[in-house]
Amino acid sequence: MRWTVPNILTVVRLLAAPGVAIAFLYFTRPGADWFALVLFVGAAVTDWIDGFIARSWKQESRFGAMLDPIADKAMVIIALLVIVGYSSMSPWLVLPATVIVFREVFVSGLREFLGAQAKLLSVTNLAKWKTTAQMVAIAVLFSRDIFLYHMLDRTAGMGEATVEGIMNGRIADEVGLLWLAQLRDIAGVAGVTLLWIAAALTLITGWDYFRKSLPFLKDPA
């Protein structure tokens, strides 16, 4: 293996994947959410950068081609586990997350079974859009919890009646609760919607890969 810039970035992205979960073990919230968001967005950006450099500098390699999708899948699956786990297992998140994880495991197993013939299952443009939708959805969902915990910090020491009065407009909002609540709601709806879109694209691309592999799954006559 050559330690080219694209390969180094891919390895760093793979090592960063568990950091998203570890952040919640060593940081309090919303610090953990900020750390996870920055780490995840940074990894997503390097995903585009290492591919661009590999093509532009003619540094494409078999190692990079093997490790790049693994790093993407590790980052997405670990981030989804964290988000679902800290969302009190909301069915609006559990179902699309389950679809995404199932598809990634299924296609990975399919590629392993096909071996050398797996090159026929090349990454399509729709699959790239699927990955993009997944990463944007996850980033937005991380930001939703950031807004939520900043709200909780600003209401520390307030009585329930005071918080309710601010949210209802009867008490002046001197700590910025209303705009944080609005951003939380927007991020929540946008994140869940994008995750369902990503799940739909995940199903479509998964079926496409399965359909293309069918001729190689038949037993010899």
(message) I'd like to check Val175 versus Met158 (side-chain heavy atoms, cut-off strictly below 4.5 Å). Are they in contact?
(response) yes
(message) Atom CH2 of residue position Trp34 - does it have more than 12 heavy atoms of other residues, nucleotides or ligands inside 6.0 Å?
(response) no
(request) Kindly give the heavy-atom pair with the smallest separation between Ala74 and Leu14, and that separation in Å. (result) CB-CD1, 4.1 Å
(message) Are Leu141 and Phe24 connected into the same hydrophobic cluster when the rule is that any two of I, L, V, M, F, W, Y join if their side-chain heavy atoms are below 4.5 Å apart?
(response) yes
(request) Flag the pair Phe210 / Phe106 as yes when at least one side-chain heavy-atom distance between them is below 4.5 Å, and no otherwise. (result) yes
(request) Run the numbers on Leu195 and Leu80 for side chain to side chain contact (heavy atoms under 4.5 Å, CB included), then give the verdict. (result) CA-CA 10 Å; Leu195 193 63; Leu80 283 176; 3.8 Å; yes
(message) Is the shortest side-chain heavy-atom distance between Gln59 and Asn7 below 4.5 Å?
(response) no
(message) Strictly below 4.0 Å, N to O, side chains only: are Arg144 and Asp33 in salt-bridge contact?
(response) no
(request) Would you check, one step at a time, whether the test side chain to side chain contact (heavy atoms under 4.5 Å, CB included) holds for Val189 with Asp185? (result) CA-CA 6 Å; Val189 172; Asp185 293 342; 5.6 Å; no
(request) Determine whether Val45 and Val136 fall in the same hydrophobic cluster, where Ile, Leu, Val, Met, Phe, Trp and Tyr are linked whenever their side-chain heavy atoms lie under 4.5 Å apart. (result) no
(message) With clusters defined by side-chain heavy atoms of hydrophobic residues (ILVMFWY) lying less than 4.5 Å apart, directly or transitively, does Leu95 cluster with Ile100?
(response) yes
(request) Verify side chain to side chain contact (heavy atoms under 4.5 Å, CB included) between Thr202 and Phe102, making sure each step is shown before the conclusion. (result) CA-CA 9 Å; Thr202 296; Phe102 176 81; over 6 Å; no
(message) Using the rule that Ile, Leu, Val, Met, Phe, Trp and Tyr join whenever any side-chain heavy atoms are under 4.5 Å apart, tell me whether Ile138 and Trp48 fall into a single cluster.
(response) yes
(request) Would you indicate whether the side-chain heavy atoms of Arg13 and Asp50 approach each other to under 4.5 Å? (result) yes
(message) With a 4.5 Å cut-off on side-chain heavy atoms, are Asp47 and Met135 touching?
(response) yes
(message) Which heavy atom of Ala172 sits nearest to which heavy atom of Ile166, and what is that distance?
(response) O-CG1, 4.1 Å
(request) Following the transitive rule for hydrophobic clusters with a side-chain heavy-atom cut-off under 4.5 Å over Ile, Leu, Val, Met, Phe, Trp and Tyr, establish whether Leu37 and Phe147 coincide in one cluster. (result) no
(message) Between Gln134 and Asp72, is there a side-chain heavy-atom distance shorter than 4.5 Å?
(response) no
(message) Ignoring hydrogens, what is the shortest heavy-atom contact between Val140 and Ala187? Give both atom names and the distance.
(response) CG1-O, 3.2 Å
(request) Kindly state each residue pair satisfying salt bridge (charged side-chain N to carboxylate O under 4.0 Å, His left out) with at least one member in residues 83-107, sequence neighbours excluded. (result) Lys73-Glu104, Glu104-Lys130
(request) Locate the shortest heavy-atom distance separating Asp153 from Pro30; write the atom from each residue and the value. (result) OD2-CD, 3.4 Å
(message) If you apply the rule side chain to side chain contact (heavy atoms under 4.5 Å, CB included), what do you find for Asp208 with Leu126, and how did you get there?
(response) CA-CA 10 Å; Asp208 182 55; Leu126 189 60; over 6 Å; no
(message) So which atom in Thr162 and which in Ile171 form the shortest heavy-atom distance, rounded to 0.1 Å?
(response) O-CD1, 3.8 Å
